Amino acid sequence: MKDKVAIVCGSSSGMGRAIAQEFLMRGAKVTLCARDEKKLFDTMQALTYMAVNEAKDKSVTMRIIAVPGDVCKPNDLKRVVEETVDAFGTVHILVNNAGGPKAGYFEELSDEDWYNTVNLTLMSAVRMIRLVSPYMKKQKWGRIINITSMSVKQPIDNLILSNSIRLAVVGLAKTLAIQWAKYGITINNIAPGPIRTERIEELANAKAEKEGISYEEAIKAWIKEVPMGRLGKVEEVAKLAAFLASEDASFITGATIQIDGGAIRFVL
Ligand code: NAD
């Protein structure tokens, strides 16, 4: 990944942060993006510190920028891409990622909840792809990776917004994968099962409240669904993302790859 330019959305925590870190360790130039400015710059500082002090790689200071932005806001996305191109000249790799859709059952959700999810989960990917694809087409090389969820393969009980709207992202990716293969652009989806991050803590709290159980019991209930008997690690997702972003994955496109410790129960 040396000298490849990557934008990682939602990279101040969780899987996004781990992916940004993995890309940096592999020599990429990385733009971090998330809403919370302080958390984002703290992340940039922490990743830089780690690379300089642990990996003894001083070049990282020239290979990382942070652009605060909300993926729901078209102008913020425009700024993220413009600042990346100003700093690094182009974009090779895009990771579409953000917070997850609100939890809840159909009966509890309003039109506003549905529209907000379309904006957060689908339109953020549509808009980012629209902004970066001209660079990828021109250089005849691109990698687009969407962080979705195992919900695109197996619906999750109280996550109807995720079960529904994330499938639109998969349809978008599959269509563009076919149409843009001729430009050397691959588009794939990562479908994580339960991975230990802030999001899983948020969902565990929602589950605990809904079912009148403790937070620990909510986490245990998930682990019970995972044949590996544990939650996934963000580093495991990051290594999959790095592979999909690499030259080695040039023939993989339009795929939705689960990383779930065996949690998804169907065969194909
Ligand atoms: P996380 O909450 O740890 O991290 C989300 C990141 O996105 C943070 O950096 C946050 O600041 C940023 N973010 C949130 N909303 C944003 C917005 N509107 N604009 C810009 N940045 C925004 O979450 P995570 O667990 O790493 O999950 C990432 C994605 O993967 C989510 O969509 C989540 O639903 C999905 N997912 C998570 C799991 C899991 O078990 N953790 C499983 C399946 C799918």
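Whatever order the structure lists them in is the order used to number ligands and atoms, beginning at 1. Please read all numbers here as calculations on a predicted model, not as lab measurements.
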Heavy-atom closest contact (V95 atom, F23 atom, distance): CG2-CE2, 3.8 Å
Of the listed options T121, T197, L231, T148, closest to atom 24 (P) of ligand 1 (non-hydrogen atoms): T197
I147 to ligand 1, any heavy atom closer than 4.0 Å: yes
Under 3.5 Å: N/O of G99 near N/O of ligand 1: yes
Nearest candidate to atom 7 (O) of ligand 1, where distance is taken over non-hydrogen atoms, out of G100, A103, G10, G14: G10
Contact with ligand 1 for A18, non-hydrogen, under 4.0 angstrom: no
Enumerated ligand 1 atoms positioned under 4.0 Å from heavy atoms of A34: 11 (O), 20 (C), 21 (N)
Contact with ligand 1 for K73, non-hydrogen, under 4.0 angstrom: no
A98-ligand 1 polar pair, N/O distance under 3.5 Å: yes
N/O separation below 3.5 Å, G16 to ligand 1: no
Side chain, backbone, both or neither: R166 near ligand 1, heavy atoms under 4.0 Å: side chain
Pick from R35, R17, R199, E202: the one approaching atom 16 (C) of ligand 1 most closely through a non-hydrogen atom: R35
Contact (N/O only, under 3.5 Å) between M15 and ligand 1: yes
Residue selection (non-hydrogen contact nearest atom 18 (N) of ligand 1) among D70, L40, I156: D70
Any N or O of L120 closer than 3.5 Å to N or O of ligand 1: no
K210 with E108: basic N within carboxylate O range, under 4.0 Å: yes
Smallest separation among heavy atoms of T186 and A249, with atom names: CG2-O, 4.4 Å
S12-ligand 1 polar pair, N/O distance under 3.5 Å: yes
Any G193 heavy atom less than 4.0 Å from ligand 1: yes
S149 N/O to ligand 1 N/O under 3.5 Å: no
